Amino acid sequence: MSGWRDLRSGWLVLALALFFGAALAGVHRLLAARIAANVLHETLSQIPALVPGADGGAPVDIRGRTVYRAEAAGRTLGWVVPSGGQGFADRIDLLIGLDADGSTLTGLYILGQKETPGLGNKIIEEPWRGQFRGKSTGQPLVVKKGDPSSGNEIRSVTGATISAESVCGIVNQTVAEMQAALAQATREEPDR
Amino acid sequence: MSGIAAPEASPGPRLEVSPGPHIARAGLTTRRMMLDVLIALAPVTAVSIYLFRWHAILQIAIGVLGCSLFELLFARMRGRPSPLGDLSAAVTGLILALSLPWSAPWYVGLVGSLVAVGIGKVVFGGLGQNIFNPAMVGRAFVMVCFPAALGAAAYQMAGDGAAIVTQATPLTAAKQLGQSAPLWPLLVGTVNGSLGETSALGCLLGGIYLCLRRTAAWRIPLGIIAAAALLGGIQNLAAPAAGWTVLHHLAGGALLFGAFFIATDPVTSPLTPRGMWIYGIGIGAMVMFLRAYSGYPEGVVAAVLLLNGATPLIDRFTIPRPVGGPVPARR
Amino acid sequence: MSAHQPTAAERFLQGIIPENPIYRQLLGLCPTLAVTNGMRAAMTMAGATAFVLICASVLTSLIRGLLKPHLRILVFTLTIAAFVTIADRFLAAYMYAMSKQLGPYIPLIIVNCIIISRCEVCSSKQGVFTAAADAGGVSLGFALALASIATVREILGAGTWFGLRVMPAVWPDWVVMVLPPGAFLTLGLLLGGANWIRAAREKRRGASRAA
């Protein structure tokens with residue numbers, strides 16, 4: 001029986017596989033909670049900056065997307081919505097802060113991007129992304145070269161119009177998709 | 001091997017085997033070809049100096065002196081005699097400088113020269129051995145290296161040159177704002193842009209001189225222009241409202257400058273007539289493709305480098321049939 | 001097989017410079033190109049690789065008497081994969097930001113040829129102490145090579161070293177150096193430099209022998 005012989009000659013592989021499997025299960029048991037906390041913390045730690053006044057938050061599922069409820073003393077102050085889309089070089093991942101009824105942007109944070117260093121990656125800097133704070137979501141935001149003149153305009157990034165427009169596009173789309181659902185979720189809260 | 005006679009006994013013409021540029025006519029030297037290129041570049045150089053004043057003079061001085069300096073330095077390192085006499089470093093430096101925006105800081109030209117001569121030419125073994133056009137290697141390097149100094153915004157910096165220098169370049173305006181440009185300034189060259197690319201007539205004048213002197217192979221620029229005209233025509237028919245016509249495509253940007261002075265580099269372009277057509281049409285099509293679909297307004301640098309890379313393959317596929325039919329296979 | 005098996009000290013010293021995995025053997029070039037745009041990422045990669053290499057070498061050496069020739073590669077891969085997964089999880093737990101930055105390149109240590117070549121060449125044939133010394137030397141050589149490339153790229157490309165500013169504020173960052181093309185250019189030029197030094201040294205040695 002050649003099958004039996006193969007199995008016998010492979011006993012070391014099988015034994016090692018079992019041993020390593022057990023070892024990895026142990027490592028996973030040891031570290032899984034910590035890793036999950038790291039992932040969650042990355043978003044949660046941004047909530048106070050994205051929704052002013054909030055001191056914490058919790059993930060919630062709304063319309064099949066995970067969003068974060070920004071809370072202070074158990075009341076919903078606003079929402080943090082993870083989103084993303086194509087930038088100039090690669091995908092741009094964002095956290096968008098909105099107030100409780102989704103009518104105003106309260107902040108923007110860039111989780112990940114690979115835009116051109118020195119040009120497009122200026123989108124991660126506070127002076128640029130800070131412009132989104134306080135913008136109304138009533139009408140879509142547009143990128144303007146030079147100084148913005150009206151309420152829904154965002155100053156472009158010099159030499160990287162595409163990066164700036166990508167971020168604006170992602171924000172507009174996310175707001176359009178989520179605003180109504182977020183406002184409804186706030187209204188349906190029991191303590192309101 | 002036994003059937004081949006010893007070289008001393010073989011009659012007939014002596015065939016020189018040497019790296020490019022391949023020179024068949026007596027009296028035609030590398031130095032004379034390079035001098036021809038310098039003469040042909042005189043009109044666009046003059047236009048650039050008229051438009052951008054001392055900015056242009058500074059860029060050209062940095063490019064030419066930088067390339068010559070690094071050429072000398074690398075020759076010294078390799079224990080070779082000074083190669084400056086063949087003027088190829090001066091040509092590389094001038095083309096590099098003419099491809100830069102007027103506002104580029106001094107180190108852009110210097111780093112560009114270092115890379116053009118060092119990585120574009122010397123690492124391959126020197127003039128004639130390089131795969132890619134040295135000036136374009138330098139230009140591509142600084143373009144990726146200093147995006148802030150060479151992007152569309154760099155062309156529009158406020159300065160003390162002529163009033164031209166604060167407008168967007170015609171291609172950027174067309175791409176980002178959808179604005180067309182009047183044709184006459186594009187031809188004469190009173191528009192913003194890289195130093196040497198602004199004047200279509202200047203490029204034509206120098207280019208025709210090069211082709212008449214047979215320093216440049218006429219098939220290459222003709223192929224580029226034909227391909228660009230065809231694709232530009234299709235684009236024009238598809239969107240006639242854009243106002244950016246075939247002539248705009250040809251006269252705007254660096255197409256003519258690239259077609260006559262960069263793509264025709266005898267070292268990095270195909271040797272066979274059919275190969276030259278393929279190469280030229282390939283560059284023209286690639287430029288139009290990049291202008292239409294890439295994030296950059298212009299695509300001459302990338303198109304030339306890509307087709308440079310394809311040149312050995314093109315030459316291999318287009319070996320001309322010898323007179324009297326192909327050589328029969330040896331048993 | 002051969003009459004002379006290198007000793008532990010020889011193995012250790014050979015791995016650092018004379019048989020440097022990057023500059024002499026041209027192995028493990030994927031992480032060398034991918035994670036050398038900054039010293040922090042490069043040194044984390046060097047550390048993770050050293051952990052996997054030393055652990056896998058010691059374990060392979062311990063079980064070398066049980067290895068069947070036709071199954072040895074399978075055993076090496078299994079061993080390496082297990083330690084890589086451990087390293088990956090530890091980074092995700094304790095250095096989360098770095099783990100995110102290195103992305104797929106930590107799991108890709110599994111296919112790093114340096115490790116499997118040390119298993120094949122040394123640890124499956126020699127004792128535990130020699131295997132550990134060999135792994136340590138090669139790890140050091142790998143770390144030195146990564147450091148040399150990352151130093152050039154980070155200083156030219158970002159004006160910093162380990163994130164600390166070393167160039168004057170007017171230094172224009174050579175952005176291309178921290179992008180992928182910069183990795184190829186730097187590695188190519190440093191390799192050329194290393195070969196040039198080696199050739200010059202051999203020439204001098206030959207000349208002194210002839211004299």
Side-chain angles (χ1 to χ4, degrees), chain A residues 2 5-46 82 84 88-91 93 95 109-122 124 158-160 163, chain C residues 37-38 51-52 55-56 59-60 62-101 103 110 124 153-154 156-160 171-182:
Chain A
S2 75
R5 234 189 10 249
D6 286 350
L7 203 60
R8 240 184 1 194
S9 70
W11 73 267
L12 181 67
V13 179
L14 290 176
L16 278 175
L18 280 175
F19 171 70
F20 286 134
L24 290 181
V27 169
H28 181 74
R29 211 184 146 76
L30 206 67
L31 299 176
R34 209 189 150 91
I35 295 169
N38 280 341
V39 176
L40 192 61
H41 177 75
E42 190 183 24
T43 307
L44 290 185
S45 64
Q46 289 301 327
F88 176 67
D90 203 341
R91 205 183 145 75
D93 286 305
L95 291 178
Y109 182 74
I110 316 288
L111 271 181
Q113 55 83 28
K114 293 194 177 108
E115 303 303 282
T116 319
L119 284 181
N121 74 348
K122 290 219 169 75
I124 63 170
T158 310
S163 301
Chain C
N37 55 1
F51 165 76
V52 174
C55 292
L59 198 100
T60 311
L62 282 173
I63 59 169
R64 68 186 188 281
L66 304 170
L67 288 175
K68 303 267 191 307
H70 64 291
L71 288 175
R72 68 184 195 288
I73 301 290
L74 192 55
V75 172
F76 297 159
T77 319
L78 194 63
T79 314
I80 295 164
F83 286 114
V84 168
T85 312
I86 293 172
D88 180 46
R89 295 291 83 193
F90 263 91
L91 280 178
Y94 295 101
M95 297 170 73
Y96 183 66
M98 182 53 79
S99 160
K100 257 189 81 172
Q101 190 192 333
I110 295 172
S124 65
R153 291 183 66 194
E154 192 181 343
L156 289 182
T160 58
W171 173 255
D173 291 346
W174 295 27
V175 171
V176 68
M177 298 309 279
V178 294
L179 296 176

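In the text below, chain A, chain B and the rest are named by the order of the sequence lines, each starting its count at 1. Predicted model, so just to flag it, every value in this text is computed and none were measured.
- For the pair A:R34 and C:Y94, the minimum side-chain heavy-atom distance is below 4.5 Å.
- The contact between C:L74 and chain A is made entirely by side chain atoms (from C-beta outward), counting heavy-atom distances below 4.5 Å.
- At a 4.5 Å heavy-atom cutoff, C:S99 makes no contact with chain A through either its backbone or its side chain.
- Ranked by heavy-atom pairs shorter than 4.5 Å toward chain A, the options C:D173, C:I63, C:T79 are led by C:T79.
- Checked by atom type and distance alone, the side chain of A:N38 pairs as donor or acceptor with a backbone atom of C:A93 at under 3.5 Å.
- Rounded to the nearest 0.5 Å, atoms CG (C:D88) and CG (A:L24) are 10.5 Å apart.
- With contacts defined as side-chain heavy-atom distances shorter than 4.5 Å, the pair A:L12/C:L71 does not qualify.
- Side-chain contact check for C:T85 versus A:F20: every heavy-atom pair is 4.5 Å or farther apart.
- Among all heavy-atom pairs drawn from C:K100 and A:L111, the shortest one is NZ-O, 4.2 Å.
- Heavy-atom distances place both the backbone and the side chain of A:V13 under 4.5 Å from chain C.
- For a residue to count as touching a neighbouring chain, one of its non-hydrogen atoms must lie under 4.5 Å from one of that chain's; by this rule A:A23 does not touch chain C.
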